[in-house]
Amino acid sequence: MDKKTRLNALLAVSFAILLICLAVFFVNHLGKEKKQTLPQSSQAPAEEQIDEKKDKAFLYDSAFLDEEQPFMDEEEWEKAFDKNLFVSASSVERDLRVTILDSSGHVVTGESFFVKVNGVGEYKDLDADGRIYISGLRPGTYEVSVKEHGDYVLPPAMKVSVKDKIEYARIEDISYLIKTEDEIDAASEDTRKRQVESDATEVTDTWSSEGMGALGIDVSKWNKEIDWTAVKEDGVKFVIIRCGYRGSKTGALVQDPYFIRNIEGASAAGLQVGVYFFTQAITEVEAVEEASMVLSLTEGYELSMPIFIDTEGSGGRADSLNVTERTAICKAFCDTIEASGGTAGIYASRNWYQTKLNDTTFDTYVKWLAEYRKEPLYTGAYDIWQYTSSGSVNGIEGRVDLNLSYE
């Protein structure tokens, strides 16, 4: 290698070493800058963490999680929410029926609330049953409100129209008036005293329905548990079920405790089904209540037989009605049922049709006659005949009412 060649090689090596040194310098320099900026770039998240800790300082407060200061459980929340009141109000004829409800739709009892009717006055729930009845009001629109009471959350005032004349229309909020037998003294309230004319010709067997009408029964809680499949297999075609009654003493509206199981069992067995209500109404307004109760209880069930009002003696509040009053009351019941699209009927004995009612008033409704002899003496028209209360059918223990329907 000549001198010139060695010199060029030496310069190339020196230049390469210089480039390597510069590369190392720059790498080290940039690495230092990156290390120096790392704390600065992490400073914002650190502040956010500090702020977040401040925002959640309650989590680090021992008193907040102290065992003596627990969160409200579900029951406590429900109790707090139950302090919200709601009001239902309706009118049948120159009256107001005010019901105070809790958040679950149950009547609030045990509290003597005051209700204010704007322009009229204040009324107290004296018996603390959650209901206030106000009568003798002039027709018009009134504002109804509940006065402050304890720690209850009051509902806003509501406007209600008071009717001038009775309308035979269903009362939609009647369910709040319906009681169970657990809430009343059933022994003193359910006191029907049947007085049906009979003689030695009374038939207690299940008659052949051929050419005579369809065989049926009527039942209530007194018949207790029933095997509906056995009933149908014994030739029974229809059943009329008591859905409820008005108390003979207090006038409470009471659901028959066996109604639901009876109507569901009979329907499932394929029987034709109707219902009846034992009335103790002493006004037309009460008759509208009774009809509304029946419509409420039967909602959702298919009825292939009419809805009957059962009028007979009880030794109670309605026994002293005169013919005109009783006729008007029973007609009000029937008209309310018909106005709601149902088929209405009336049940009574021959004596009651002839002496306690203007029976021709009910010729346009389904008439159900009770008379226990082989041939009824009643001369009016009727559609169903209850011919004995001493019958028997498979599936029912003890005596049962037997009927023939000509519809």
Side-chain angles (χ1 to χ4, degrees), residues 174-175 178-184 186 189-190 192 194 204-209 213-246 253-279 290-310 312 337 340-347 366 368 370 383-407:
I174 197 66
S175 60
I178 301 173
K179 296 181 180 293
T180 66
E181 287 199 337
D182 293 335
E183 301 174 276
I184 61 152
E189 299 288 4
D190 195 6
R192 181 178 67 169
R194 177 175 285 175
T204 59
D205 295 332
T206 54
W207 287 9
S208 170
S209 61
L215 177 67
I217 60 175
D218 58 273
V219 299
S220 67
K221 71 177 186 182
W222 305 112
N223 300 103
K224 300 182 180 179
E225 298 293 338
I226 298 174
D227 181 343
W228 288 104
T229 300
V231 168
K232 188 175 191 306
E233 290 176 349
D234 202 20
V236 174
K237 303 299 183 185
F238 71 90
V239 58
I240 305 174
I241 302 167
R242 187 177 77 160
C243 63
Y245 60 92
R246 187 184 284 277
L253 295 172
V254 187
Q255 180 176 334
D256 188 299
Y258 279 78
F259 170 62
I260 298 299
R261 70 187 79 179
N262 280 339
I263 193 170
E264 292 183 350
S267 298
L271 292 170
Q272 294 187 41
V273 175
V275 298
Y276 75 93
F277 183 91
F278 180 69
T279 181
E290 293 178 352
S292 299
M293 173 180 172
V294 177
L295 292 167
S296 175
L297 291 179
T298 57
E299 197 166 27
Y301 295 105
E302 183 176 348
L303 300 180
S304 49
M305 300 283 289
I307 295 172
F308 293 92
I309 182 170
D310 174 1
E312 51 189 304
I337 298 297
S340 295
T343 301
I346 181 170
Y347 167 94
V366 179
W368 181 10
D383 305 283
I384 301 174
W385 172 30
Q386 185 186 82
Y387 64 86
T388 185
S389 62
S390 301
S392 63
V393 296
N394 293 336
I396 299 179
E397 185 178 346
R399 301 190 312 169
V400 64
D401 299 338
L402 298 179
N403 304 268
L404 290 174
S405 173
Y406 308 104
E407 285 199 296

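This is a predicted model, so every value here is computed, not measured.
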Which donor-acceptor pairs under 3.5 Å do the side chains of residues 260-273 make with protein atoms, sequence neighbours left out?
{"unit_1": "Arg261", "atom_1": "NH1", "unit_2": "Glu225", "atom_2": "OE2", "d": "2.6"}
{"unit_1": "Asn262", "atom_1": "ND2", "unit_2": "Tyr258", "atom_2": "O", "d": "3.2"}
{"unit_1": "Glu264", "atom_1": "OE2", "unit_2": "Tyr301", "atom_2": "OH", "d": "2.9"}
{"unit_1": "Ser267", "atom_1": "OG", "unit_2": "Ile263", "atom_2": "O", "d": "2.7"}

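Checked by atom type, the side-chain pair Arg399/Ser390 shows a donor-acceptor distance below 3.5 Å.
To the nearest 0.5 Å, the span separating OG1 on Thr206 from CG on Asn394 amounts to 9.0 Å. For the atom pair CG (Leu297) and CG (Leu253), the distance works out to 9.5 Å, reported to the nearest 0.5 Å. Annotation: the span from Ser175 atom OG to Gln255 atom CD amounts to 11.0 Å, rounded to 0.5 Å. Rounding to the nearest 0.5 angstrom, the gap separating the CD1 atom in Ile396 from the CG atom in Asp234 is 9.5 Å. Distance check: Ile337 CD1 to Thr343 OG1 gives 10.0 Å after rounding to the nearest 0.5 Å. Rounded to the nearest 0.5 Å, atoms OG (Ser340) and CG (Leu295) are 4.5 Å apart.
Between Leu402 and Thr204, the closest heavy-atom pair is CD1-O, 3.6 Å. Nearest approach of Asp256 to Lys221, heavy atoms of both residues: OD2-N, 3.1 Å. In plain terms, the two heavy atoms of Ser220 and Tyr276 that are nearest each other are CB-OH, 3.8 Å. When all heavy atoms are compared, the tightest approach of Met305 to Ser405 is CE-OG, 4.4 Å. Nearest heavy-atom pair across Leu215 and Leu404 is CA-CD2, 4.2 Å. Listed here is the closest heavy atom pair of Gly244 and Met293: CA-CE, 4.3 Å.
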Quick one: do Arg194 and Asp401 satisfy side-chain contact (heavy atoms from CB on, under 4.5 Å)? Show the steps, please. CA-CA 12 Å; Arg194 177 175 285 175; Asp401 299 338; 3.1 Å; yes
Quick one: do Arg246 and Thr279 satisfy side-chain contact (heavy atoms from CB on, under 4.5 Å)? Show the steps, please. CA-CA 6 Å; Arg246 187 184 284 277; Thr279 181; 5.6 Å; no
Mind running side-chain contact (heavy atoms from CB on, under 4.5 Å) on Tyr347 and Ile384 for me, showing each step along the way? CA-CA 9 Å; Tyr347 167 94; Ile384 301 174; over 6 Å; no
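Put simply, the side chain of Trp368 reaches to within 4.5 Å of the side chain of Asn403, judged on heavy atoms. In this structure the side chain of Val231 never reaches within 4.5 angstrom of the side chain of Val239, judged on heavy atoms.
Using a cutoff of 4.0 Å between basic side-chain nitrogens and carboxylate oxygens, Lys224 and Glu397 are not scored as salt-bridged.
When each of Asp190, Asp310, Asn223, Asp218 is checked for a side chain to side chain donor-acceptor pair (under 3.5 Å) with Arg242, only Asp190 meets the rule.
Within the structure, no pair that satisfies the ring pair (Phe, Tyr, Trp, His ring centres under 6.0 Å) test touches residues 227-246, not counting sequence neighbours. Pairs passing the ring pair (Phe, Tyr, Trp, His ring centres under 6.0 Å) check and including a residue from residues 386-407, sequence neighbours excluded, read Trp207-Tyr387, Trp385-Tyr387.
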